[in-house]
Chemist: 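Provided herewith is a single structure, encoded as structure tokens, for subsequent inquiry.
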Amino acid sequence: MDKFAIKALSEYNSSDNVIRPGGVDGRNFWNNHATQFMYPPSFSFPTIPAAYDFEFFATDSTGKTYSFKDNYSYANLSPIWKDLSPGIVELKVEAIHSVNGQRYLLGARTFYKSAPFPGRKALPKKACSYAESAKKAFAYAFNDPASQYWLKHGVPDPEYYHNVYPSKMISSLVKAMLSYAKLEPAMAKDAVKLATNAADFLISITYKSDTAVEGLPPTYCFKGLNRETVNKTAPMAERRENTLMLIYPATVGEMYLDLEKATGDKKYFEAAKKIAEYYKNNVLENGSWNLLVYTDTNKPESNNCCCTFDILNFLNTYYARTKNESYLNLEKNYFKYIMDTRLETFNWEGQFEDIALSGNFKNLTHFVAGDFIKYICNNFADDQDLMKTAKELLRFVEDQFVVWGKFAPWSQHYTYGESVWYSPAALEQYYWYVPIDSSTATLINDFLAVYNVTNDELLLEKACALGDSITRMQNKENGVIPTHWVKKDCAENLENFWINCHIGTAFVMMKLAEITGEI
């Protein structure tokens with residue numbers, strides 16, 4: 001066991017690393033719907049009058065039972081955590097009556113204890129350099145038939161069903177092409193043309209002045225697509241065709257500003273300006289925005305509010321460009337909203353255009369928590385309290401979404417049945433708890449953000465271990481990085497491939513190459 005594995009194991013078993021324990025200082029329990037843990041958890045169990053002691057019994061995957069007593073029914077499991085073998089753990093808690101000593105079963109909980117980071121030396125080596133992986137990935141994004149369709153025709157490939165999410169897909173593709181143009185000067189002209197073709201199409205389908213959401217690009221759009229093909233694989237798009245998810249215009253606005261900078265064409269700034277003005281004119285009293293609105297009325301579809309740093313980052317970029325103080329105030333108020341409603345509660349709600357909206361804590365994901373980590377590290381690195389928060393959030397995203405070894409056996413009940421799942425990897429969200437390339441890349445970014453501030457080499461080692469995994473999953477011939485790591489041949493026979501995920505992974509691999517000195 002190398003020094004990194006030893007340090008990781010020490011942190012894995014430490015009572016200091018219990019993540020935002022419920023019941024302490026009136027905190028809620030964020031993990032009632034969680035099914036796996038890497039660091040010692042604490043759970044919400046009821047109590048009874050006159051109970052003076054509580055005993056915890058945990059039976060691990062080897063059949064051994066370990067126990068301890070505590071004064072609280074919500075005590076964390078650190079006293080026995082180091083003894084429990086990774087795998088399924090069955091936990092029960094009994095209350096002991098203070099008068100007659102009678103025992104009462106308070107409840108039980110079954111969960112999966114994830115294995116700790118084993119050290120990079122214990123894992124297979126990377127298949128190529130991070131820089132080579134990134135360059136091959138950007139080249140694939142350019143050469144992919146769905147991308148080339150934009151270059152040749154100026155409209156979406158009608159058979160690529162994820163084009164039904166134009167804001168998400170086009171904003172990602174344009175940013176990739178601008179980067180590819182710099183990486184491959186010989187292809188720059190075509191890459192920029194591809195980018196402008198896609199962006200111009202998005203402008204053409206943007207909601208006009210006769211709608212309640214003027215200036216916003218659509219979240220869902222079937223124009224130019226084979227509706228039958230889309231409905232087979234993306235049924236949520238048809239159900240939400242007349243709605244707009246307000247987390248996505250911000251990503252488009254950011255892309256327009258990048259494109260204007262690259263081309264000098266002011267129409268892209270004007271398109272970004274309309275998006276910024278919508279956010280300014282439609283902000284709620286709480287500092288956020290309705291997550292999902294009807295396009296004909298601009299009225300909310302639900303009580304859910306936006307919780308994404310994409311909006312925060314766009315407001316920051318737009319303020320830097322315009323120096324309009326109202327956008328700086330929007331950014332500050334929205335950050336306060338995220339602090340008050342997400343950091344305070346740990347309700348890191350997953351908000352995706354293809355997933356049903358969820359209740360509190362039912363569909364946690366790592367994305368917003370990870371963006372919070374990066375925002376703190378980029379803006380408040382000198383604030384010790386906030387950096388302590390960033391480190392706790394990093395434990396949370398690793399605890400809930402990273403798999404260093406085996407997956408929980410119930411994961412196999414997902415769509416893919418008798419399939420092969422690959423690790424190390426990161427899972428996406430509770431509603432889609434499967435290893436995803438972009439989730440793995442996002443966790444690399446999170447580890448690197450805290451590493452850049454703290455110089456903790458263990459964090460760099462974890463980031464590199466995940467990066468190594470991406471190089472092994474990447475198709476050696478064409479450079480494609482499969483989205484779902486759940487089939488033996490997933491890099492050869494792409495299934496449910498999201499090119500925006502591939503692109504996001506390419507950007508992170510380039511960053512990893514820079515930090516490790518490859519470029």
Side-chain angles (χ1 to χ4, degrees), residues 17 19-20 30-39 41 111-112 114 116-117 168 247 251 306-313 338-339 341-355 358 360-378 389-404 407-408 411 414 421-451 459 462-463 465-467 469-470 483-486 498 500-501 504-505 507-509 511-512:
N17 290 331
I19 301 162
R20 197 57 62 99
W30 58 266
N31 61 13
N32 286 336
H33 298 275
T35 58
Q36 67 180 45
F37 301 92
M38 193 174 296
Y39 297 100
F111 62 88
Y112 189 81
S114 302
F117 178 59
K168 184 173 189 174
I247 62 177
T251 64
C306 293
C307 180
T308 170
F309 275 76
D310 290 334
I311 298 177
L312 198 71
N313 294 334
I338 297 175
M339 288 273 287
T341 63
R342 293 301 186 266
L343 182 61
E344 185 66 25
T345 65
F346 257 50
N347 182 27
W348 303 107
E349 175 190 358
Q351 297 181 339
F352 299 86
E353 77 292 330
D354 62 333
I355 294 291
S358 66
N360 291 338
F361 308 105
K362 288 186 177 180
N363 185 34
L364 301 189
T365 186
H366 60 83
F367 286 103
V368 179
D371 284 343
F372 209 117
I373 293 169
K374 293 185 279 288
Y375 193 81
I376 291 173
C377 292
N378 291 336
T389 294
K391 293 174 185 177
E392 181 181 38
L393 288 173
L394 189 59
R395 289 196 299 274
F396 163 75
V397 296
E398 182 185 11
D399 179 82
Q400 290 297 290
F401 299 100
V402 174
V403 176
W404 296 117
F407 292 89
S411 297
Y414 279 95
W421 290 33
Y422 291 91
S423 67
L427 313 175
E428 187 182 63
Q429 54 179 311
Y430 287 179
Y431 282 4
W432 194 242
Y433 221 32
V434 301
I436 299 290
D437 68 321
S438 61
S439 288
T440 305
T442 299
L443 264 294
I444 292 174
N445 242 348
D446 299 343
F447 283 123
L448 292 179
V450 180
Y451 165 74
L459 302 182
K462 289 180 177 180
L466 292 175
S469 194
I470 289 172
T483 304
H484 300 84
W485 296 2
V486 293
W498 293 70
N500 62 304
C501 293
T505 302
F507 276 111
V508 172
M509 294 302 282
K511 179 183 288 187
L512 193 57

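Just so you know, these numbers come straight off a predicted model, no measurement behind them. Values reported hereafter were calculated over all heavy atoms of this structure, with side chains retained and with hydrogens, waters and symmetry mates removed.
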Chemist: Check the pair Tyr430 / Tyr433 against ring-ring contact (aromatic ring centres under 6.0 Å, His included), numbers first and verdict last.
Modeler: CA-CA 5 Å; Tyr430 287 179; Tyr433 221 32; 5.5 Å; yes

Chemist: Ignoring hydrogens, what is the shortest heavy-atom contact between Glu392 and Ile19? Give both atom names and the distance.
Modeler: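 Minimum heavy-atom separation between Glu392 and Ile19: OE2-C, 3.9 Å.
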
Chemist: State, yes or no, whether a side-chain contact exists between Trp404 and Leu466 at a heavy-atom distance under 4.5 Å.
Modeler: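 Sidechains of Leu466 and Trp404: in contact.
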
Chemist: Locate the shortest heavy-atom distance separating Phe346 from Leu393; write the atom from each residue and the value.
Modeler: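 Of all heavy-atom pairs spanning Phe346 and Leu393, the closest is CZ-CD2, 3.6 Å.
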
Chemist: Do you know which two heavy atoms are closest between Val397 and Ala369, and how far apart they sit?
Modeler: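 For Val397 versus Ala369, the nearest heavy atoms are CG1-CB, 3.9 Å.
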
Chemist: Are the side chain of Arg395 and the backbone N or O of Met38 linked by a donor-acceptor pair below 3.5 Å?
Modeler: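 No; zero donor-acceptor contacts below 3.5 Å.
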
Chemist: Rounded to the nearest 0.5 Å, what's the gap from CD1 on Ile373 to CG on Leu448? Could you check?
Modeler: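 One gets 11.5 Å once the value is rounded to the nearest 0.5 Å.
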
Chemist: Can you name the closest pair of heavy atoms from Thr341 and Asn347 and give their distance?
Modeler: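 Nearest heavy atoms, Thr341 then Asn347: O-CB, 4.5 Å.
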
Chemist: Quick one: which of Trp348, Trp30, Tyr39 gives a side chain to side chain contact (heavy atoms under 4.5 Å, CB included) with Gln400?
Modeler: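 Exactly one option meets the side chain to side chain contact (heavy atoms under 4.5 Å, CB included) with Gln400, and it is Trp30.
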
Chemist: Is it the case that the side chain of Ser469 and the backbone of Ala425 share a donor-acceptor pair, with hydrogens and angles ignored and the cut-off at 3.5 Å?
Modeler: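 No: the side chain of Ser469 does not pair with the backbone of Ala425.
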
Chemist: Test side chain to side chain contact (heavy atoms under 4.5 Å, CB included) on Trp421 and Val486; report intermediate values, then the result.
Modeler: CA-CA 4 Å; Trp421 290 33; Val486 293; 3.7 Å; yes

Chemist: For the residue pair Leu443 and Glu398, what are the closest heavy atoms and their distance?
Modeler: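 Reported closest heavy-atom pair: CD1-N, 4.4 Å.
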
Chemist: Using only atom types and a distance under 3.5 Å, with no angle test, would you say the side chain of Lys511 pairs donor to acceptor with the backbone of Phe507?
Modeler: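 Not a single qualifying donor-acceptor pair exists.
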
Chemist: Identify the heavy atoms of Thr365 and Glu349 that sit nearest to each other, and give their distance.
Modeler: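 Closest pair (atom of Thr365, atom of Glu349, distance): CG2-O, 4.0 Å.
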
Chemist: Could you tell me whether the side chain of Asn363 and the main chain of Tyr431 form a donor-acceptor pair under 3.5 Å?
Modeler: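 Flag set: sc Asn363 to bb Tyr431 pair under 3.5 Å.
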
Chemist: Could you walk me through whether Val434 and His484 pass side chain to side chain contact (heavy atoms under 4.5 Å, CB included), step by step?
Modeler: CA-CA 7 Å; Val434 301; His484 300 84; 4.1 Å; yes

Chemist: Looking at CZ of Phe352 and CD of Glu428, how far apart are the two atoms once the value is rounded to the nearest 0.5 Å?
Modeler: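 It is 4.5 Å, given to the nearest 0.5 Å.
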
Chemist: Do Ser423 and Phe407 come close enough that some side-chain heavy atom pair is under 4.5 Å?
Modeler: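 The answer is yes, as the side chains (C-beta and beyond) meet within the 4.5 Å cut-off.
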
Chemist: Using only atom types and a distance under 3.5 Å, with no angle test, would you say the side chain of Thr483 pairs donor to acceptor with the backbone of Trp498?
Modeler: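 A pair under 3.5 Å: yes.
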
Chemist: Under the 3.5 angstrom rule, does the side chain of Asp399 hit a backbone N or O of Phe37 as a donor-acceptor pair?
Modeler: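 Absent.
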
